[in-house]
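All figures in this text were calculated on a predicted structure; none of them were measured in a lab. Within every chain, numbering begins at 1; the chains are lettered A, B, ... in the order of the sequence lines, protein sequences first and strands thereafter.
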Amino acid sequence: MKELIRQLVRDAVYAARKEKRADLPDPEQLNIEVSRAKDPKHGDYATNAALALAGQARMKPRDLAHILATYVPEKNDIVTNVEVAGPGFINFFMAEDLWRQVLRQIHRERDRYGHDASAKRPRVLLEFVSANPTGPLHVGHGRGAAVGDTLARLLKSQGYPVATEYYVNDAGNQMKILGRSIVFRLKELAGESIVFPEKHYVGEYIRDLARDLLGSPNGKEILALPEDAAVEKAAEFAYPRILEGIQADLHDFGVAYDSYFFESTLHSEGLVARVVQELREKGKAEDKDGAVWFVMEDAEDEKDRVLIRATGEPTYFAADAAYHKNKLGRGYDLLIDLWGSDHHGYVPRVKAALQALGYPDDVLSVLLVQFVTLVREGRKISMSTRAGEFETLRKVLDEVGPDAARFFFLTKRCDSHLDFDLDLAKKQSRDNPVYYVQYVHARIASIFRIAAERGIDADMTDPDLSALSLPEEVRLIKHLADFPDMLADAAEALEPHRITFYLVDLADFFHAYYHDNRVLTEDARIKKARLFLVEAVRQVVANGLAILGVTAPERM
RNA sequence: GCGCCCGUAGCUCAGUUGGAUAGAGCAACGGACUUCUAAUCCGUAGGUCGCAGGUUCGAAUCCUGCCGGGCGUACCA
């Protein structure tokens, strides 16, 4: 719908230019902004084109607005009224019947309504969660999973070819620490009294893994090995099992990846060495103090960063440079990474590396996901691993279920801190936005059930839409019409949380309408039109929930 | 010290990339069930958008400086 207005404005600019009414640029070059009017007095849509172009045309914004307005055709079936208002906005009043046609479109397109495959989009590789396989996922990862998976669905709905990937850090320090943690527990099981070192994994799952390892074939031999070999064996035994657990958690959370990428392959295939060499050739890497450093420009990052340690081991940064180059080498145009916000200082580094390798700055978008605090009975639950009380995603899933969890993770923009209230997520009332939205779907399904029981003809062909003339009905229809624009804007801004806000608004409009008006009325004409309307509402709720990965229940 | 993010109603948060009179929900207060699900609805009240300047037709939004909070500042990831 916005595009329709944009075209009208473009035409007006073109006509005004042609008749030399104003000094205006070629409208094709113009990025014309169209927005929904907040106040019904301002019509349905507004453009600030006159305000934006007044400077160049050397005219007063209002004068230019009046000129442009005269070139917008007012017809009964599209735009019924055009007004200039405020400092120079042009307001558009759309024909009510045009809005109603949206209902036919929804019925025609069904679960494709809101989807847009028309534009040619860049190929996207979306990487998210990528938690180290050293322990189970916690709720922070859950948020990353919900945001990432929803973003993938959102982008796909707008025609982006999207692949999702999980980067598995199965190499380097974390693996050593994991292996060592297990070896310590093994020694403990063997009766040695040990002091558990700091910065190692202490969760009960490490004990379980140690026990499993001991019980495995040749498991007992491991303690006879030299320390380093034992640590390596322990890590090799443990990480695939932990990763399996992570995958099971993700599966139960409704998240499926197109691929898993293992850091170890970067090393074994020499990709890290190759990227360091390439940087060296480009004069972006040099030796200093026995290590190899990435040379940072002033504008990129505050200081140079080590690629290869004096010990000869590559840093995580070197591996990441190789990994991102590898991703682009696989033919993607745009990389999107979701990182925990504690990694934000790392963004300039990776971007600088990509630029040094010859890629444009905007080839990588990093979304930073803020931390989650669990709240129960109004009190924050400590997230410390030691407390071990309630930090895993699994426990949250067991308690509130995937629907509520996914929806809640998307009730805030991802860069703002989230309090996840467990009691609220289980509550069955208006307070809980998940139920509030799902209830719309269930209520409408219920109407059709009752209609069937009563033998009412719920035939959807050719209703008389002029029967939908109540202000609440028009408001509802206009909101349904906004769905495609909302999705397009959310995808462009990479902001999946807009979908939850949209759905809560839609639920507001529907519940109010439902409360005051009966769908199954005596008047056959009104009944048929209203059934047509609520079925469209049901469809849009279902489509929105589908992008969120949340179920749309038939009854509650 | 330096860098990044944040500061909006008592609480939790939106605010369409600079637009018109700053919006929701919760909590508070007052109402609505003989009905297609009250897991719902209607109403009242609530604000110096942290503070001070600047940019312009126009600022919660952009710039500068303070105040307050979070994170980062590794040859960890």
Side-chain angles (χ1 to χ4, degrees), chain A residues 2 33-39 41-42 46 48 51-52 54-55 60-62 85-89 91 130 132 134 169 172-174 177 199 263 288-293 301-303 305-317 319-320 340-348 368 370-371 375 378 411-413 415-419 421 424 427-433 435-436 438-440 442-451 453-454 456 482 485-486 489-490 492-493 495 497-498 501 504-505 507-508 510-521 530-531 534 555-556:
Chain A
K2 273 190 192 174
E33 244 179 77
V34 170
S35 60
R36 255 346 269 284
K38 282 180 231 166
D39 188 334
K41 285 202 287 281
H42 299 142
N48 65 350
L51 291 155
K60 287 183 184 160
R62 280 195 66 104
F89 290 103
N91 293 332
S130 298
N132 289 339
T134 53
N169 296 109
N173 243 327
Q174 295 306 312
I177 295 172
K199 289 188 177 173
E263 182 192 351
K288 193 168 60 186
D289 304 330
V292 183
W293 297 71
D301 197 5
E302 48 202 39
K303 54 183 282 198
R305 304 290 178 177
V306 170
L307 290 161
I308 309 287
R309 285 168 220 163
T311 59
E313 290 170 294
T315 60
Y316 182 85
F317 174 43
D320 234 359
S341 62
D342 54 331
H343 286 61
H344 71 79
Y346 198 72
V347 177
L368 298 171
Q370 269 283 1
F371 292 124
V375 175
T411 53
K412 306 248 155 74
R413 18 180 337 126
D415 54 8
S416 96
H417 183 95
L418 174 71
D419 282 334
D421 189 325
L424 180 59
K427 225 187 221 176
Q428 302 188 340
S429 72
R430 171 72 182 87
D431 312 4
N432 185 339
Y435 284 91
Y436 189 66
Q438 287 183 317
Y439 190 37
V440 173
R443 269 187 152 172
I444 295 170
S446 177
I447 293 173
F448 282 96
R449 266 199 306 278
I450 300 284
E453 279 167 21
R454 293 185 190 166
I456 292 170
D482 285 340
D485 286 334
M486 181 279 296
D489 292 346
E492 197 193 328
E495 290 185 353
H497 74 276
R498 293 192 196 181
F501 285 92
V504 169
D505 283 344
D508 265 330
F510 174 76
H511 286 309
Y513 173 67
Y514 175 92
H515 190 267
D516 294 338
N517 302 284
R518 297 189 62 76
V519 173
L520 303 176
T521 57
R530 287 185 177 173
L531 280 168
V534 299
R555 51 179 95 223
M556 288 170 75

Query raised in the report: Under a 3.5 Å cut-off on both pairing distances, which runs of 3 or more consecutive Watson-Crick or G-U pairs involve RNA chain B?
Result: B:1-5 with B:69-73, B:10-13 with B:23-26, B:28-32 with B:40-44, B:50-54 with B:62-66

Report task. For the side chain of A/Asn173, starting at C-beta, report the closest nucleotide among B/A77, B/A20, B/A39. Result -> B/A77

Query - Interatomic distance, A/Asp431 CG vs B/A38 C1' [rounded to whole Å] - result: 14 Å

Restricting to nitrogen or oxygen on both sides, can you table the protein-nucleotides 13-17 of chain B pairs closer than 3.5 Å?
residue : atom : partner  : partner atom : Å
B/C13   : OP1  : A/His417 : O            : 3.0
B/C13   : O5'  : A/Lys412 : NZ           : 3.4
B/A14   : OP1  : A/Arg413 : N            : 2.9
B/A14   : OP1  : A/Ser416 : OG           : 3.4
B/G15   : OP1  : A/His497 : NE2          : 3.4
B/G15   : OP2  : A/Arg413 : NH1          : 3.2

Query raised in the report: Has A/Tyr514 got its ring stacked on the base of B/U40, with centres under 5.5 Å and planes less than 30° apart?
Result: no

Requested in this report: Ignoring backbone atoms, establish whether A/Arg305 has a side-chain N or O less than 4.0 Å from OP1 or OP2 of B/U73.
Outcome: no

Query raised in the report: Which listed nucleotide (B/C75, B/A27, B/A39) is nearest to the side chain of A/Tyr435?
Result: B/A39

Query raised in the report: For A/Phe89 and B/A20, is the gap between ring centres under 5.5 Å while the planes differ by less than 30°?
Result: yes

Report task. Check whether any side-chain nitrogen or oxygen of A/Tyr436 sits under 4.0 Å from OP1 or OP2 of B/C41, and answer yes or no. Result -> yes

Report task. Please determine if a side-chain N or O atom of A/Arg454 lies less than 4.0 Å away from the OP1 or OP2 oxygen of B/C36. Result -> yes

Query raised in the report: Parallel under 30°, tilted from 30 to 60°, perpendicular over 60°: which one fits the rings of A/His497 and A/Phe501?
Result: perpendicular

Query raised in the report: Between B/G72, B/C41, B/A77, which nucleotide has the shortest distance from any of its atoms to the side chain of A/Asp508?
Result: B/C41

Query raised in the report: Heavy-atom distance under 4.5 Å between the side chains of A/Gln370 and A/Ser416, does that happen here?
Result: no

Query - Whether A/His344 stacks on the six-membered ring of B/G72 base, 5.5 Å and 30° limits - result: no

